[in-house]
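For the numbers below, each heavy atom of this structure counts, side chains included, while hydrogens, waters and symmetry mates do not. Order of the sequence lines sets the chain letters (A, B, ...), proteins ahead of strands, with each chain counted from 1.
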Number of protein chains: 2
Amino acid sequence: MLTNSRAAYHDHNHQRCIDAALDRARDLCSQQGARLTPLREAVLHLIWTSHRPLGAYAIADLLPAATGRKALAPTVYRSIEFLLDQGLIHRVASLNAYIGCPFPGSRHSELIMICRACGTAAELSADSVDSALSDVTRRAGFFMETQNIELLGLCPGCRGEGGPS
Amino acid sequence: MLTNSRAAYHDHNHQRCIDAALDRARDLCSQQGARLTPLREAVLHLIWTSHRPLGAYAIADLLPAATGRKALAPTVYRSIEFLLDQGLIHRVASLNAYIGCPFPGSRHSELIMICRACGTAAELSADSVDSALSDVTRRAGFFMETQNIELLGLCPGCRGEGGPS
DNA sequence: GGCAAAAACAGTATAATGTAACAAAATGGG
DNA sequence: CCCATTTTGTTACATTATACTGTTTTTGCC
Ligand SMILES: [Zn+2]
Ligand SMILES: [Zn+2]
Ligand SMILES: [Zn+2]
Ligand SMILES: [Zn+2]
């Protein structure tokens, strides 16, 4: 089981998350011959500002303060497309928003747990889920290629405060 | 394992799918004291026209021919909201579209298999997936409430034609 | 360095999806 | 029938995303 839930859901030194993500991104891009330009890196940095998915127009609003240059929708979406292609971020379809991938480069299933109270999202990849999915879909005659799993619920912190026991 | 993949992915008498869905809808709504008005029933009927998810504006375009009255976005979205609340349809977030639920009324996980070639979507509910998900999310400290699983791949028909063996 | 090709970026306009707010009509119980 | 509630119609607008055109920047090559 591979997950960043520990960091996402508890107090932690988030600067280390950011630094690690940017380091991984630079490594991966140079390996792939992909160009992590200042703009793209700024967008990735913004997405990693927190563990909450960030929308494209929110990124556009935040970019000027981060880079000094203003950015309109197409510019932001081009960067997002690049980051998606490189596997550095994921799109959260149910929120129309984007979240940094904590383990890019490694093949992993895409399962996102979203807290409905605080909005924090953590990613999780587990063989047990993957094999259960492969198994039942194959029995249904379906050849699964990609998966998009978005779970809504309560994170450990928000569960304590007035949520279920 | 509960699924409508057999019907969705193979030749079948689709009129029976439609009739059965509308019958179930009428039953459930009368049980719940919910009002399945002509408009709402027409929207449900349109969504059941095929096993491909249908967008809200496509429904708006098709409604006049189906009912004689024109329908604008808010009207369509209100009917959609009603049908979602009653569990008669599901929203497919990755497509911004809506699909009829083949087993409304019964508690079931929401797992949709979408063929990227023909667009057909089938629903599947399996205990093995549910328990694997509950297990790994609980271990991650997450209290799962609702799930939205959208799988992309190839249906049996499209897999044969030039797809993988 | 100078130059051509490719890539990235900027900007305008517009498409597609979804919602807020209020008016009008239908429904159903006294 | 009369009133309260629900449903539907209508206008306006918000949000998310893309098509397209031209400009700038970068890159590889000489
Ligand atoms: Zn962090
Ligand atoms: Zn990931
Ligand atoms: Zn059918
Ligand atoms: Zn269903």
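Alongside F103(B), the hydrophobic cluster contains L2(B) (criterion: ILVMFWY side chains under 4.5 Å).
To the nearest angstrom, P of dT17(C) lies 19 Å from CD of E81(B). Atom P of nucleotide dA8(C) and atom CD of E41(A) are separated by 15 Å, given to the nearest angstrom. When the P atom of dC9(C) is taken as reference, atom CG of L63(A) falls 11 Å away, rounded to whole Å. If you take CG of L95(B) and P of dA17(D), they are 14 Å apart, rounded to a whole angstrom. Atom CG of L36(B) and atom P of dT27(C) are 14 Å apart (whole Å). Taking atom CZ on R40(B) and atom P on dG9(D), their separation rounds to 11 Å, with Å as the unit. Note: CD1 (I59(B)) to C1' (dA16(C)) measures 14 Å, nearest angstrom. Computed from coordinates, the D85(A) CG to dA8(C) P distance equals 11 Å when rounded to whole Å.
The phosphate of dC9(C) (OP1 or OP2) has a side-chain N or O of T37(A) nearer than 4.0 angstrom. At least one side-chain nitrogen or oxygen of N96(B) sits closer than 4.0 Å to the OP1 or OP2 atom of dG18(C). Side-chain nitrogen and oxygen atoms of T75(A) include none within less than 4.0 Å of the OP1 or OP2 phosphate oxygen of dC9(C).
Base engagement by R78(B) is indicated by at least one non-hydrogen atom pair under 4.0 Å involving a base atom. F82(B) comes within contact range of no nucleotide atom at all, as no heavy-atom separation falls under 4.0 Å.
Using a cut-off of 4.0 Å between Lys/Arg side-chain N and Asp/Glu carboxylate O, R24(B) and D27(B) are scored as not salt-bridged.
Looking at the side chain of P74(A), the nearest of the listed nucleotides dT10(D), dA10(C), dT12(C) is dT12(C). Distances from the side chain of L39(B) to the nucleotides dT8(D), dT19(C), dA17(D) place dT8(D) closest. Residue L72(A) has its side chain nearest to dT12(C) when only dT27(D), dT12(C), dT19(C) are considered. Proximity note for R69(A) (side chain, C-beta onward) versus dT8(D), dG18(C), dA10(C): the nearest is dA10(C). Here the side chain of Y77(A) is nearest to one of dT18(D), dT17(C), dT8(D), namely dT18(D).
Taking for each of A58(B) and R35(A) the nucleotide of DNA chain C with the nearest heavy atom, the 5'-most of the two is the partner of R35(A). Residue-to-nucleotide proximity on DNA chain D shows that, of A34(B) and K70(B), the 5′-proximal contact is made by A34(B).
The two atoms that bring Q147(A) and S109(A) nearest to each other are OE1-CB, 3.0 Å, heavy atoms only.
Geometrically, R40(A) engages F82(A) in a cation-pi contact, judged by NZ or CZ lying under 6.0 Å from the ring centre and within 45° of the ring axis.
Using a 30° and 60° split on the angle between ring planes, Y98(A) and Y77(A) fall in the perpendicular class, above 60°.
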